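Below you'll find the structure, written out as structure tokens, and then a few comments.
Note on naming: letters A, B, ... go to the chains in the order of the sequence lines (proteins, then strands), and numbering restarts at 1 for each one. Not measured: the values here are computed from a predicted model.
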Amino acid sequence: MDKTYNPHELEQRWYSRWEQSGCFMPSGQGEPYCILLPPPNVTGTLHMGHAFQHTLMDALIRYQRMRGRDTLWQVGVDHAGIATEMVVTRQIEAEGGKRDDYARADFIDRVWQWKHESGSTITRQMRRLGASADWSRERFTMDPDLSEAVIETFVRLHEEGLIYRGPRLVNWDPVLQTAISDLEVVNSDEQGKIWSIRYPRSDGRGDVVVATTRPETLLGDVCVAVHPDDARYRDLVGQSLELPLTGRQIPVIADDYVDPEFGTGCVKITPGHDFNDWEVGARHGFAPINIFTPTATINDRAPARYRGLDRFEARERVIADLKTEGLLIEEKPHAMVVPRGDRSGQIVEPYLTNQWFVKMDQLGQLGLEMVESGQVEFVPGNWINTYRHWMENLQDWCISRQLWWGHRIPAWYDDDNNIYVGRSEDEVRVRHQLGDDIVLRQDADVLETWFSSALWAHSTLGWPDPERMAAEGFDRYLPTSVLITGFDIIFFWVARMIMMTGHFTGKVPFEQVYITGLIRDSHGQKMSKSKGNVLDPIDLIDGIELDQLVDKRTSSMMQPHLAKRIAKATREEYPDGIPAFGADALRFTFTALAGHGRDIKFDLARCAGYRNFLNKLWNAARFTLMNVGDATLPVPAEGELDTLSRWILSRLDRTITEVDEALSDYRFDLATRALYEFVWNEFCDWYLELSKPALQEQAAARDPATARATRHTLARVLETTLRLLHPFVPFITEEIWQRVRVPAGVEADSISQTRWPQAAAPDPQAESDAEWLKAVVSAIRSARTELNLAPGKPMPLLIEEGSPADLARLERFGDLIRSLARLAHIEPADDRHDPATCATALAGELRMLIPLAGLVDVTEELARLDKQLEREKKGLESVARKLGNERFVANAPADVVEKERVRRGEHENAIADLTERIERLRHVDASHTPS
RNA sequence: GGGCGAUUAGCUCAGUUGGUUAGAGCGCUGUCUUGACAUGGCAGAGGUCACUAGUUCAAAUCUAGUAUCGCCCA
């Protein structure tokens, strides 16, 4: 083995071997354990959030696979309607073509071509990360069988009256020219303006003033509303106003919606271009007036001088005209919330179109019940509040999109615009007895991507085809075990899956939903291209040069003027680029940071720390392998194990229990921490060091049983630890395991096929011996360094005082103490030793002296002992305070009181020892001080 | 405005049903190249647990309020 751990080379080696061996496929044996991958966008590349969540999923899958569960990790990607069209359109434009050159069918061909050539970037990247998914079952939402599920769902929902088509206000992206869902709208706080406009009364008796942030929409106003209780305007209700610039007369109505405190208490109502106004208009029987074309230019419903103007030009023109007519009263800055499309970044228009909707009352009720009843559980549990709030305020779901790429809506129209819904045109014709003479045209729109993702749980398991369902294990794997995802798609996807799978199968899609935090940069900022703080997980695995990183962060930006600042910040933060940490270190970092309910500030220093940890593991393995040889080691007989081997095995068993408990609560952070501490602080720092004396040639000759037991324990602990670590760091554990499996006597081809370790009962006797030994060694080491005693030079140790138990342990472990504390020999103290030439070390009741060659610096030793004394006094004080409190003694549980009593004894003892020692030194000090 | 969360060492975070002198990693200080590892060893410094009040024999932990920050919804 190399002296240092080199992730790059070894990680390349293992993945394809695993995949080829088929060990990621469900075994079909044991209790099923299934995880659905939230299908990433086919145009996407792996970002930190994916890498994080995939790591958690993979850790769980590998863990459960090793525990004998029948694991299925269902992976795949979704077809991402808008995003994919944008990518392919850009590709066409880069070739000098135009999207308009393409007919629908040809464009879709291009999309498929693109999909086959470059649509699997993210799945390749998932393999780099070590994702142990069953790739043979990978699905794409546009696959024929998944498409069949989509059509079937649409048709059935329509038959049940849960899907309807109708004119409604939707969020319209005038650039992409499609409807988008509420969830795809980002509300951004922006500085805008608000205008006060005078609407004259038709009877010439004054006017009313309305305030608006969108003056151009007055062209579509149908009325002005006031609050029914507003005394100021009581006589105005029912009167008519002259709508400026249009020559139209509009009435004043009364409606509760109006807030009399806001502005003048008069509100213009534009049902065609505002969601709230739509409601008001509907209540009062007004037909909405749509003044925009699909690209948000003014249409023919408006006066001629505005037609054809873009919405922003129209605003300028309207304001100018109002000024001219003396109807503009005021213009002032106004903080407002602007709705923007999350894909295009453009301001979204509430826009009146015919769209398809899914009714949400019945489905929403079902979705709520499935969670309220506990069939689906959120982890952490408080996410149920978010879910509940949304489910109780559901709007009907707009599922149609004015795109080409996606599942085409299975609805046909005849020349009279009668709608026929069915699985195919043929089915429609048969069912409705439509002869060949009747021309049918299919609806041009497609379903939004989330409609197909909502079916992910049951459609990937073969639904609705009974044969496929049997083959895929529908009954076996549904409900799946746990869904791991971010809070941001609870509504987009989680809720919709619960509703759809629940409605069509009567089952929940998953039993638990683990909601992860968000990965932020080391300063707590959200990662985004425009901030230039994005980290690419692949760069953390492979490393990246500074210049390349700067290029990556500043190329193809939406706002190129930020490039300079981003380049500068990047050069400051990563002066040497990013080193290669390897996939394992990245995975370990993610799991170590994965606490509950918290966002994660991703710090490269943590990643480096865990890379170092893996290097430590690597070297512990090197040491072990150097000492255990190539052959299978004989298993020591019962009773042949030395105390320290029993100790490390006991600690190992406790670690197994800790990891099991942590993982059952999804506390990945606690699981990895237990492993980190065990490997570094117990196995490496102590057991390895303690094994060295036993393995020395002379010692081994003298005590071959202990040497044998030690060798076997080294191999056994290392092998078991590798299995415990494997779900988190699959590559390095496989690499090392292949070398240690023979000495450890384990039969399997790959660590991923081994079984998860079972914890045995701990060994308290061995643990207490080892703790004593560690305390003694640490006390001696502290004394030596604090007094600047030559660290390398062997020194004698004198035992001044100790309990019979101490003396017995000294007898048993003397050789080890000598070795670890670098002592020449250990012997009882006697009168020959002048305390002035000794340093003191305390471990429990054991009082030890380290005689020094020359004069000890008495002042320094006094200071050191004083410090210890202070510490002990403080401890005693707090204990005494408690025990002095009658109510504490009376009320606290007996074991707590007893514990305090024991502690009091220990403190008193230490204080007595230290005080005596200090007294003697002071005495010496005085006699040594030249007068 | 409503809801959720956070505030613990210089930084990033643990801290379970209240019960040692509140822990870890990184960073920092000192020291050591000893045959696993300098991506390291050994030793050490560093905290008024945001603030206030309350409950309790006992509060980082429970309750109420305050402050600051973040997210979601309107």
Side-chain angles (χ1 to χ4, degrees), chain A residues 1-6 187 276 337 380 382-386 388-390 393 487-488 490-491 517-518 520 522-526 579 581 585 589 592-593 595-627 661-662 665 667 669-670 673 676-677 680-681 684-685 688-689 691-692 714 777-778 781-792 819-822 867 870-879 881-893 895-897 899-900 902-904 906-907:
Chain A
M1 285 172 84
D2 290 342
K3 193 171 164 185
T4 50
Y5 156 60
N6 172 11
N187 292 309
N276 291 317
V337 179
N382 42 298
W383 284 107
I384 194 175
N385 296 322
T386 307
R388 189 181 286 142
H389 181 259
W390 193 69
N393 296 280
F487 70 92
D488 48 336
I490 288 181
F491 309 137
L518 195 73
R520 297 169 174 279
S522 60
H523 310 290
Q525 296 285 315
K526 231 172 175 166
F581 296 115
T589 309
L593 292 172
H596 273 191
R598 245 188 209 268
D599 284 354
I600 289 169
K601 294 187 198 177
F602 193 90
D603 192 344
L604 255 49
R606 287 295 285 265
C607 210
Y610 293 122
R611 194 253 337 252
N612 295 352
F613 168 69
L614 296 179
N615 184 61
K616 189 77 177 174
L617 176 70
W618 181 262
N619 276 288
R622 276 182 75 212
F623 173 82
T624 300
L625 292 167
M626 275 175 201
N627 283 286
E661 283 174 0
D665 288 336
R667 289 301 305 266
D669 56 334
L670 298 184
R673 194 171 56 163
Y676 184 99
E677 282 175 1
W680 204 314
N681 304 127
C684 292
D685 285 352
L688 252 47
E689 295 305 320
S691 76
K692 286 175 185 173
L714 276 173
V777 170
S778 297
R781 284 172 175 171
S782 288
R784 283 173 66 141
T785 13
E786 279 167 25
L787 288 167
N788 290 324
L789 308 182
S819 162
L820 265 65
R822 303 197 160 268
K867 207 172 89 183
E870 274 314 301
R871 214 181 287 168
E872 294 292 340
K873 278 183 172 167
K874 232 174 95 187
L876 179 63
E877 220 175 287
S878 96
V879 178
R881 209 179 315 126
K882 282 189 192 173
L883 288 170
N885 184 340
E886 283 170 31
R887 286 183 300 177
F888 170 74
V889 181
N891 293 322
D895 61 317
V896 172
V897 177
K899 227 155 75 183
E900 294 297 326
V902 171
R903 286 184 52 222
R904 179 168 64 185
E906 285 167 1
H907 285 305

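- Distance from the side chain of A:Arg822 is smallest to B:U34 among B:U21, B:A36, B:U34.
- Separating the CZ atom of A:Phe602 from the C1' atom of B:U12 is a distance of 12 Å, rounded to the nearest angstrom.
- The residue A:Asn382 sits close only to the backbone: its heavy atoms come under 4.0 Å of sugar-phosphate atoms, none of a base.
- Relative to the side chain of A:Asn612, the nucleotides B:U39, B:G19, B:G70 differ in distance, and B:U39 lies closest.
- Distance A:Phe888 CZ to B:A59 C1': 14 Å, rounded to the nearest Å.
- Within the shown strands, nothing qualifies as a pairing partner of B:G35 under the Watson-Crick or G-U definition with both distances less than 3.5 Å.
- Of all nucleotides present, only B:U7 satisfies the Watson-Crick or G-U wobble test against B:A67, with each distance under 3.5 Å.
- Of the side-chain N and O atoms in A:Trp680, one or more sit less than 4.0 angstrom from OP1 or OP2 of B:G41.
- Spacing between atom CG of A:Asn681 and atom C1' of B:A24 amounts to 9 Å, rounded to whole angstrom units.
- Residue A:Glu877 is classed as having no contact, given no heavy-atom separation below 4.0 Å to the nucleic acid.
- Atom CG of A:Asn615 sits about 8.0 Å away from atom CZ of A:Arg611, to the nearest 0.5 Å.
- For A:Lys3, the side-chain atoms get nearest to B:C37 when compared with the rest of B:U21, B:C37, B:G19.
- Going from the C1' atom of B:U52 to that of B:U39 covers 47 Å, rounded to whole Å.
- Residue contacts for A:Tyr676: at a heavy-atom cut-off of 4.0 Å it reaches the sugar-phosphate backbone alone, with no base atom in range.
- Here A:Lys873 lies out of heavy-atom contact (under 4.0 Å) with every strand.
- Rounded to a whole Å, the CG atom of A:Asp599 is 17 Å from the P atom of B:C69.
- For A:Asn619 (side chain) and A:Lys3 (main-chain N/O), a donor-acceptor pair under 3.5 Å exists by modelled atom type.
- Residue-level contact check: A:Ala605 touches the backbone only, with heavy atoms under 4.0 Å from sugar-phosphate atoms and none from bases.
- Taking the C1' atom of each, B:G10 and B:U55 are spaced 36 Å apart, rounded to whole Å.
- Atom C1' of nucleotide B:C71 and atom CZ of A:Phe491 are separated by 12 Å, given to the nearest angstrom.
- Rounded to a whole angstrom, the distance from the C1' atom of B:U31 to that of B:A9 is 23 Å.
- Within the 4.0 angstrom heavy-atom criterion, no nucleotide atom of any strand lies near A:Arg904.
- For B:G41, one of the phosphate oxygens OP1 or OP2 lies less than 4.0 angstrom from a side-chain nitrogen or oxygen of A:Lys616.
- Residue order along RNA chain B, read from the 5' end via each residue's closest nucleotide, puts A:Asn627 first among A:Asn627 and A:Trp390.
- Listed pair A:Lys899 / B:U20 fails the phosphate criterion, with no side-chain N or O lying under 4.0 Å from OP1 or OP2.
- Residue contacts shown for A:Asp669 are absent, as no nucleic acid heavy atom lies under 4.0 Å away.
- Taking every side-chain heavy atom of A:Asn615 into account, B:U39 is the closest of B:U39, B:G19, B:U21.
- Nucleotide B:C42 forms a pair with B:G30, judged by Watson-Crick or G-U wobble geometry with both contacts under 3.5 Å.
- Looking only at distances, a side-chain donor or acceptor of A:Arg784 sits under 3.5 Å from a matching main-chain atom of A:Arg822.
- Proximity of A:Lys882 to the phosphate of B:U21: a side-chain N or O atom is located under 4.0 Å from OP1 or OP2.
- Atom CG of A:Leu593 and atom P of B:C11 are 17 Å apart (whole Å).
- Within the 4.0 angstrom heavy-atom criterion, only backbone atoms of the sugar-phosphate kind lie near A:Leu670; the bases stay farther away.
- Taking the side chain of A:His389 as heavy atoms from C-beta on, and the options B:U39, B:C73, B:A36, the nearest nucleotide is B:C73.
- For B:A36 and B:U20, the P atoms lie 40 Å apart once the distance is rounded to whole Å.
- The CG atom of A:Asn612 lies 11.0 Å from the OG1 atom of A:Thr4; values are rounded to the nearest 0.5 Å.
- In this structure, B:G47 makes no Watson-Crick or G-U wobble pair, since no nucleotide meets both defining distances under 3.5 angstrom.
- A:Thr386 comes within contact range of no nucleotide atom at all, as no heavy-atom separation falls under 4.0 Å.
- The residue among A:Val337 and A:Lys692 whose nearest nucleotide of RNA chain B is located toward the 5' end is A:Lys692.
- In a base pair of the Watson-Crick type (N1 to N3 plus N6-O4 or O6-N4) or a G-U wobble (N1-O2 and O6-N3), with each distance short of 3.5 Å, B:G23 is matched with B:C13.
- Atom OG1 of A:Thr624 sits about 5.0 Å away from atom CG of A:Leu688, to the nearest 0.5 Å.
- Spacing between B:G65 and B:C26 at atom P, rounded to whole Å, works out to 41 Å.
- Judged by atom type and distance alone, A:Glu689 reaches the base of B:A36 through a side-chain donor-acceptor pair under 3.5 Å.
- Distances were taken from every side-chain heavy atom of A:Arg611 (C-beta onward) to each of B:G19, B:U39, B:A36; the shortest belongs to B:U39.
- The gap from the C1' atom of B:U29 to that of B:A67 amounts to 36 Å, rounded to the nearest Å.
- Between the side chain of A:Asp603 and the backbone N or O of A:Ala605 there is at least one donor-acceptor pair closer than 3.5 Å.
- Distance from the side chain of A:Ser782 is smallest to B:G44 among B:A36, B:C71, B:G44.
- In this entry the distance linking CH2 of A:Trp383 with C1' of B:C4 reads 7 Å, nearest Å.
- The side chain of A:Lys867 has B:G44 as its nearest neighbour among B:G19, B:G44, B:U21.
- Across all strands shown, B:G1 forms a Watson-Crick or G-U wobble pair with B:C73, both key distances being under 3.5 Å.
- Between A:Trp618 and A:Tyr5, the ring planes lie tilted relative to each other; the angle falls in the 30° to 60° range.
- Closest to the side chain of A:Arg781, from the set B:C37, B:C72, B:C42, is B:C42.
- Separating the C1' atom of B:C28 from that of B:A64 is a span of 40 Å, rounded to the nearest Å.
- Taking every side-chain heavy atom of A:Glu677 into account, B:A24 is the closest of B:A36, B:A24, B:G40.
- Remark: A:Arg903 engages A:Glu900 in a salt bridge, criterion side-chain N to carboxylate O under 4.0 Å.
- Note that CD1 of A:Ile490 is 5.5 Å distant from CH2 of A:Trp383, once rounded to the nearest 0.5 Å.
- If you take atom P in B:G40 and the same atom in B:G25, they sit 12 Å apart, rounded to whole Å.
- Aromatic ring centroids of A:Tyr610 and A:Phe581 lie 6.0 Å or more apart.
- Residue A:Tyr5 contributes atom OH, which lies 17 Å from atom C1' of B:G40 at whole-angstrom precision.
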